[in-house]
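Working notes, structure below.
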Amino acid sequence: MQTDHDVVVIGAGFAGIYSVHKLRDGLGLRVQAFDAGEGPGGTWHWNRYPGARCDFDSVFYSYSFSDELQREWRWSERFAAQPEILAYLEWCADKLDVRKEFRFRTRVTSIVWDDANELWTVGTDDGRTCTTRFVVAGGGNVTVPKKNEFPGEETFRGEIHRTSSWPHEPVDLTGKRVGVIGTGSTGLQVIPEVARACAHLTVFQRTANFAAPLGNRPLTEEESRHQAENHAEVRAGSRDNFLGAPYGIGRPSALLDSPEERKKLYDEFYYPGGGFRLVVGTYQDLLVNKEANDTIADYLRDRIRERVNDPATAELLCPTDHPYGTKRAPFETDYYETFNLDHVDLVDVRTAPIEAITETGLRTAAAEYDLDVIILATGFDALTGTLLRMGIVGRDGLTLEQAWEDGPKTYLGLQLDGFPNLFTITGPQSAVALYNNAMAIEDHVELAHDAIKHVLDHDARVIEPTADAVQAWGRLAEGILNMTLIPQSPNSWYMGRNIPGKPRGTYIFAGGAPLYRAICQEMIDKGFAGFALDGSAPPVPP
Ligand code: NA7
């Protein structure tokens, strides 16, 4: 049956921009794309809080598929800030001429499979609907903020801001008493910036985090030009690296070196900074061996005690409840020194939880805090939240909520059984979260493109993973996750544990990008093993 479009693409971030380009210009498909924002940018359109910055080097956190894009764009900092990444994505959208396929300020609210006609009907919040053969969901996996858990928000006489929907106009904090809730990657970025701008800052910390210096600095013109002109050499090896950047590979085990050798190596990575190089460039067993992990955890706690003047505050900032890296490792600039400032206080809300937002501030189980501004940096319903709010209904009226009531179930994080012709870019259980997201997205868009091409080449109508393939992938992803230390974190979003009531499960593929890519390649070589075309499938890969 004729549909309005061949493909509907959701999202105008890294995933949506590339999907439109790849499917329209590569396969000649009729593409309609939607994004709730006013323009391209995705995550980088919304997260405009002070200090928002990527902690992957800009030269790696950018598209690699186009020589032209890499040659023409110049980064100004080693780790770009939000405005520059947003400008980059807007520029890419123009260069690729994809804006015209997007309807902006439009949120997708329903995606319903019509089994009789083998098409999707997509509804949007402007009351319109359209039909399409394929849907490529590229709405990001860290986009739906965690709901505010504190009663009384409506009574507060000051301002409340969420980092994930920060106002476009600058927020003036001069002379204000500010409270920040949350000390994840976002909190650690926003806290030093807010401290610089306000009269008094109270940081409400439930779980201390292991942060290491980011090592950001401006790039010289020479460096920036060198990166652009030699991008292939500069990025070589990215796809062979666990994290998707050419960061090198560490020594086999932290336990084979003496304490002095270990300290020397950690110092070499810690003091200059460099983001995730610390995780992959030091020792290979940090995420799988608790004793090895303890060596870096102790090292990082010692650095916190060195940098924070007040011993009691330093102890409160030292994590004790999870191994390093089992919650997403954050990177910081001046975070710990912020607590040496006279006008900054740290409040422990683990022992005395926040009970309510009041007319004048916040109340914890132990005290009242008077505030003019409250900043919520409390995290996201990550990995599944974006898809679950799109009103997706597959075969036989099965909703995505029903399909995932015990946690996500996917094949390669790309497709789900019962939801034909629907592709989830960097969906749950793909090589996401522990992988440079820009590159993970590129890989996945190409995989979706290859799958759609496979359908078209075979004059088929629908592609969908078999139930066996989904089960096998779930078992593999779970098995690999259980070989790491990640399950030892009580509240990591890697396992859905940061949201009360969210099903616990395997939300990421923790085997690393090279293994994930090898599995996908084998799947393709075996004729899209694990996927069925019009109901008929080749055997599941061993
Ligand atoms: P995170 O890493 O989930 O951090 C959220 C923070 O908010 C974390 O410190 C939480 O403490 C805290 N939080 C959440 N709920 C509460 C309540 N009820 N009381 C006190 N504190 C609370 O989110 P981010 O935005 O920082 O980072 C998300 C990702 O975005 C990041 O990893 C990058 O990939 C981009 P908790 O640890 O739950 O005790």
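Indexing begins at 1, ligand by ligand and atom by atom, following the structure's order.
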Ligand 1 atoms in contact with [X] (distance to a heavy atom under 4.0 Å):
X    : result
G182 : 6 (C), 7 (O), 9 (O), 12 (C)
N491 : 36 (P), 37 (O), 38 (O), 39 (O)
E149 : 15 (N), 16 (C), 17 (C), 18 (N)
R328 : 32 (O), 33 (C), 34 (O)
V142 : 29 (C), 30 (O)
F380 : 25 (O), 28 (C)
T186 : 24 (P), 25 (O), 26 (O), 27 (O)
T207 : 36 (P), 37 (O), 39 (O)

Would you call R389 and E401 a salt bridge, taking side-chain N to carboxylate O under 4.0 Å as the test?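 Looking at R389 and E401, the cut-off is not met.
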With a 4.0 Å cut-off, would you call E332 and R303 a salt bridge?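 Answer for the salt bridge query: no.
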Any idea which of [options] brings a heavy atom closest to [atom]?
atom                    : options               : result
atom 6 (C) of ligand 1  : S489, A377, S185      : A377
atom 3 (O) of ligand 1  : F150, W493, Y494, Y49 : W493
atom 17 (C) of ligand 1 : H322, R206, R497      : R206
atom 1 (P) of ligand 1  : G140, G379, P490      : G379
atom 14 (C) of ligand 1 : K146, K327, K147      : K146
atom 8 (C) of ligand 1  : T183, N47, V349       : T183

When you check the side-chain N and O atoms of Y49 and Q189, is any donor under 3.5 Å from an acceptor? yes
Verify whether one side chain among T207 and R350 offers a donor that lies under 3.5 Å from an acceptor in the other. yes
In this structure, OG1 of T295 is separated from CG of D285 (nearest 0.5 Å) by 7.5 Å
Could you tell me the separation between the OH atom of Y61 and the CG atom of D55, rounded to the nearest 0.5 Å?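 Taking OH in Y61 and CG in D55, the distance rounds to 9.5 Å.
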May I ask you to decide if R307's main-chain N or O and E337's side chain share a donor-acceptor pair within less than 3.5 Å? no
Where the side chain of T282 meets the backbone of L278, is there a donor-acceptor pair that is under 3.5 Å apart? yes
Atom 12 (C) of ligand 1 touched by protein (heavy atom, under 4.0 Å):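 Under the 4.0 Å cut-off, atom 12 (C) of ligand 1 does have protein heavy-atom neighbours.
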Closest protein heavy atom to atom 2 (O) of ligand 1, given as residue, atom name and distance to 0.1 Å: G184 CA, 3.7 Å
Residue pairs, two or more places apart or on separate chains, that pass ring-ring contact (aromatic ring centres under 6.0 Å, His included) and touch residues 179-199: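 ring-ring contact (aromatic ring centres under 6.0 Å, His included) check on residues 179-199 returns no pairs.
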Any salt bridge (Lys or Arg N to Asp or Glu O under 4.0 Å) involving residues 498-509? Give me the pairs, sequence neighbours left out, ordered by first then second residue.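 Qualifying pairs, neighbours excluded: D381-K502.
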